[in-house]
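Here the structure is laid out as structure tokens; the discussion comes afterwards.
Residue numbers start at 1 and run along the sequence shown. These numbers were taken from a predicted model, which means no experiment stands behind them.
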Amino acid sequence: MSKKASLDQKQLRAIGHKLKPVVTVAGNGLSDNVLQEVQRALDDHELIKVKIAVGDRDARSALVEALCAETGATLVQSVGNVVLLLKRVKKPDPRLSNLIRVL
């Protein structure tokens, strides 16, 4: 990993540290409504936290992989039950984007 990519990851994690989870995935898993809400949040905010309250570590990691595959997001960080997802948009809204508002 290059130094620039490492710096970007650090900046994204620093921004994400201040965020609160916007979506919680619980026992029902990835329903259509949950996927729509995650997609909407990613389109609006670009960088979001998602709380995953399901079974063990293996179930969580499988759910995170499915969530990233379905939404096209990138996993930035995973700590316990909370994951930080990133999906850049072409025309971010400066009032909503967590990347623009912080910088």
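- In this structure a side-chain-to-backbone donor-acceptor pair under 3.5 Å is present from S61 to D58.
- By the rule that hydrophobic residues join a cluster once side-chain heavy atoms approach within less than 4.5 Å of another member, V82 and L19 end up as members of separate clusters.
- By the 6.0 Å contact criterion, CZ on R40 is enclosed, its count of non-hydrogen atoms from other residues, nucleotides or ligands being greater than 12.
- The nearest pair of heavy atoms linking I100 to P92 is CD1-CG, 3.5 Å.
- Within the model, atoms NZ of K91 and OG of S97 stand 14.0 Å from one another, a figure rounded to the nearest 0.5 Å.
- Atoms CD and CG, from Q9 and L86 in turn, are 8.5 Å apart once rounded to the nearest 0.5 Å.
- Distance check, rounded to the nearest 0.5 Å: CG of N81 to NZ of K49 gives 12.5 Å.
- Sparse packing is recorded around CG of N28, with 12 or fewer heavy atoms of other residues, nucleotides or ligands lying under 6.0 Å away.
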Query raised in the report: Does the pair E46 and N98 meet the rule for a side-chain contact (heavy atoms from CB on, under 4.5 Å), with working shown?
Result: CA-CA 7 Å; E46 293 184 284; N98 289 324; over 6 Å; no
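- Between I15 atom CD1 and L99 atom CG the span is 5.5 Å, to the nearest 0.5 Å.
- A donor-acceptor pair under 3.5 Å is absent between the side-chain atoms of D44 and the main chain of L96, judged by distance alone.
- The CD atom of Q11 sits 11.5 Å away from the CG atom of L47 when rounded to the nearest 0.5 Å.
- Remark: D43 pairs with Q39, K87, V89 by the side-chain contact (heavy atoms from CB on, under 4.5 Å) rule, at least two apart or across chains.
- Taking Ile, Leu, Val, Met, Phe, Trp and Tyr as members and joining any whose side-chain heavy atoms lie under 4.5 Å apart, directly or through other members, the hydrophobic cluster of V25 also contains V22, V23, L30, V34, L35, V38, L42, I48, V50, I52, V54, L63, V64, L67, L75, V83, L85.
- Considering only residues two or more places apart in sequence or on other chains, Q77 meets the side-chain contact (heavy atoms from CB on, under 4.5 Å) condition with R13, V79, L84.
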